[in-house]
Structure formats: structure tokens, C-alpha cells
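Here's the structure we're looking at; comments come further down.
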Amino acid sequence: MAGVIQIRTEIPGPKSRALLTRRAAAVPRGVPAVTPIAVAHAEGAVVTDADGNRLIDFGGGIGVVNTGHRHPAVVAAVREQLDRFAHLCFPVSTYEPYVELAERLNRLTPGQHEKRTFLVNSGAEAVENAVKVARAFTGRPAVVCFEHGFHGRTNLALALTSKVVPYKKGFGPFAPEVYRIPFPYCYRCEKADGRTDGRAEGCCMADTACLERLFAVTVDPGSVAAIVLELELGEGGFVPAPVEYVRALAAFAKAHGILLVADEIQTGFGRTGAMFACEHYALVPDVITTAKSLAGGLPLAAVTGRADVMEAAEPGGLGGTYGGNPLACAAALAVLDAMERERIPERARRAGERIAARFRSWADRYPCIGDVRGLGAMVGMELVADRASRAPDKALTARLLGTALARGLILLSAGTYGNVVRVLAPLTIEDAVLDEGLEVMDAALAQAVADSRQSS
Ligand SMILES: Cc1ncc(COP(=O)(O)O)c(C=O)c1O
């Protein structure tokens, strides 16, 4: 059977190159161009570029289209909403799609307790607002975050973000009262000694005494409003936190009256094989932030949390002009329906097993694959110079991505050291298309390894 990939020109082709040239003259280089292609159309897991090349999308707009590009139900819902009204400003006039989405997120997110949700425009904004409500509720100033964490690019979100280049360099001063502690990154933990699969038993940081010692030299727990945690690092390299660590952290937070904020912006909406990554940990966070795949491609983010916490801010303290735009709310309601109807988390589990099995089979062939890990379909592999040193191989990673793109596969990297290859394909991807993408990845990996041997 013919595959979906069609290569008509070199990639990037002339039309893509022309737009990229205009882009370079009009848009600052600080906004990265991760791939050099100009897009004409996207449907499901397939992207058609301006030159008519058809590519498989393993990037999904960085985890935004778990339900696929232009899911028909999402397109129909947005069209229908557009015929009624496109904007009113929720703080000025109440409309049902916003209220219904809040109700649904309150029901859907972990925990049976009473909750409230409000909507904003981006992940960074959601994280900033989670910190605002946590501070308002606790009356405490400090926030604790993690090494390798990513929470966005606005000033407070950037303070919480870990990686310096390119995110933070030159952009300080950052918001104060932000304290960073190590993330349980077992593969790069000296004590774990390169043990793979971050979910293995025996995390050396997973006890409250260890956390007490850590806080003793970091910040008074009594002044901490919130701990902001990604259960599986996204931009930080697809590293799932060990279950026992999360359990210890939650107990520590509870003992000190600290709110736990789960940043599920990348892990949410089926990606990890559950609606939310929290479910893998039986974790009920005080506040949860969501964005990305919430609205199937429209800009929308949410802060959902315990009613008592969320009600701490004064009227007017939360919200904004565009937060909870009606078109985005209509899209999100259609996304949530599709998630349920099409059993997206279950599909993610199956896709994840397929992806991880392929990655592991490659690890048997290539010693440059140091680690394969992830929850559900949030699978990544870490490329290293050799398994003994675990030295990150960023150049090989870049070579693999470039080679894959030339063969018709959009692939993204991640990780503080730029050496993790991650899959964020739409979860609606057909098995045959997923397999075709993995075949391309296999061939691209072989070529990238051969080319890097030749050049060294
Ligand atoms: C875990 C996490 N939090 C926050 C953000 C920031 O989201 P946005 O880019 O929509 O501001 C991201 C984006 O990648 C993310 O992965």
C-alpha cells in the first residue's frame, strides 16, 4: 500500500525557502524556525507544505493537536460558533461555552472535590495565574520549581523555567521568590547510575527526610505557596517522575501547607495514556494547569483548582480581554467530546507501546540510544556519545531530525542538552501512518549514525 508521504521537491522546496527568506526579514530570529518548511494544509497527522510535499507530523504543533489537525468536529464547532459571535470579553458578558467548559474541566480533572476553572490564552499565562491564586490563598510569597522544568516565556513563567540558553539568557531580572530543586531525572542521577525508566523503584530523592534536607538549604517551607511540577518533563526531555518521588513530594507539601500545582500543559488530554498524567500517580493536585491540546489548535489554557483556593482572588484579579475566547471554548468542548467518543487516552496507550517497542529495538542496534522512556504516547529517546559516559549527543539528534525531515517526517527534539528525540504525533494517527513515520525514523537514524561516524 502506498504511504502518505509524498516528496515532490527537495525539502525545503522553493516556495518554503521563499517564505522563510521573507520571514527572516520580517520576524526576529528569537522566534525559532524549528523546521524550514512553509505549511499549506494540515489534516489529521499529515502536513502538506507550500511545494506540495506531504509529510507525517510527529510534532503535532508541539503537542497541541492530540485530536489531529482539523478534527472535523472541532472545525464544525468553531464554524458554528463563528456564526453566532466571536468575541464579547467574558468579564463583560457571560456566554455558555465558557461556563460549560469550566464545568467539564472541573469534573474531568483529578479529584472529586469542588473546583473552579478560569480560562486564559497560553500555557505561560495559566502557570502565572496558578501562582497568583496560590499566593492569594496561602498569603505566602515563595514558589518552588524544578531543574529541567519548562513553564513558558513570560517573566514569572520564565523564572520557573530552568533551561538558560535559549530561554533565559539576557532576559533577567526574573520574578523573585522562585526556588529550584532537582528533578528526579534517574538517567542522569549519579546515584541511580544511568538506570533507565524513571519509574523504577528506589528513587534516591523519594523520601520526606530528603526533601526536608533539601528545603533546609533552599527555602523555608512555611513561606512556600506552591510547588509547580511537570509529572513528565516536556521540553526538559520527556522524563517521567518516579511514582514514589511524587508520593513523597505530595506528602511533604501537605505537611507544610504548600499547594501542589500540576503543570499538565504538555502531558494533558490523553498524551500519557490517561486523560491527565496525575492519574498514573493517583495524584490529586490542588491546582492543575492545562493548555496545548485543550482546544485542538486554538489558543486556550485553563487553571482548574480547589474551590477554596480559586476563590481567594478578588473579583477583577483574574481574567483578561481574550481569555476563554468563544471560538476556542467551542473548539475545546468538541475536543473533549472527541477524546471521550474516540477513546483517545486508550489510543495513546496503544500508540505509545508501538513507539516504545520500536525505540527499544533500535536501542538493541545502536549504542547511541542511551535511554528510552515515557508514559503512554509521550515517549522519547535520549541520544548519547556512548552509554558509559552518557555524554549528550546534540549533533546526532539534530542530524536525525534533519534527515527525517528530508524523508518526509516532522520530528522534534527536547531536553536541556538538546539530545532527546520526542514524539508528539496526533493521538488520532492511524496505525499505518504511525508505522510509516517510524519506518522513516528508522531509516533516518541509520543514515544519521552513518553520517556522524563518517564526519568524526
Ligand atoms: C509543561 C509546559 N508548561 C508551560 C508551557 C508554556 O505554554 P505556552 O507556550 O502556551 O505559553 C509549555 C509549553 O511548551 C509546557 O510544555
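Remember, it's 1-based here, ligands and their atoms both numbered in the order they're listed. All values reported here derive from a predicted model rather than from experimental measurement. Below, each value reflects all heavy atoms present in this structure, side chains not excepted, and no hydrogens, waters or symmetry copies.
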Problem set entry | Side chains of R422 and V379 in contact at under 4.5 Å (non-hydrogen atoms) | no

For this session: Quick one, list the residues around ligand 1 where some non-hydrogen atom comes in under 4.0 Å, by chain and residue number.
Result: S122, G123, A124, F150, H151, G152, E230, E235, D263, I265, Q266, K292

Exercise. Short question: side chain of T117, backbone of T304 - any donor-acceptor pair under 3.5 Å?
Worked result: no

Problem set entry | Over 12 non-hydrogen atoms of neighbours within 6.0 angstrom of CD in E340 | no

For this session: Show your reasoning for whether side-chain contact (heavy atoms from CB on, under 4.5 Å) applies to V178 and C145.
Result: CA-CA 7 Å; V178 170; C145 57; 3.7 Å; yes

Exercise. Using the ring of each side chain (for Trp, its six-membered ring), is F252 parallel, tilted or perpendicular to F215, with breaks at 30° and 60°?
Worked result: tilted

Problem set entry | K292 and V65, any side-chain heavy atoms less than 4.5 Å apart | no

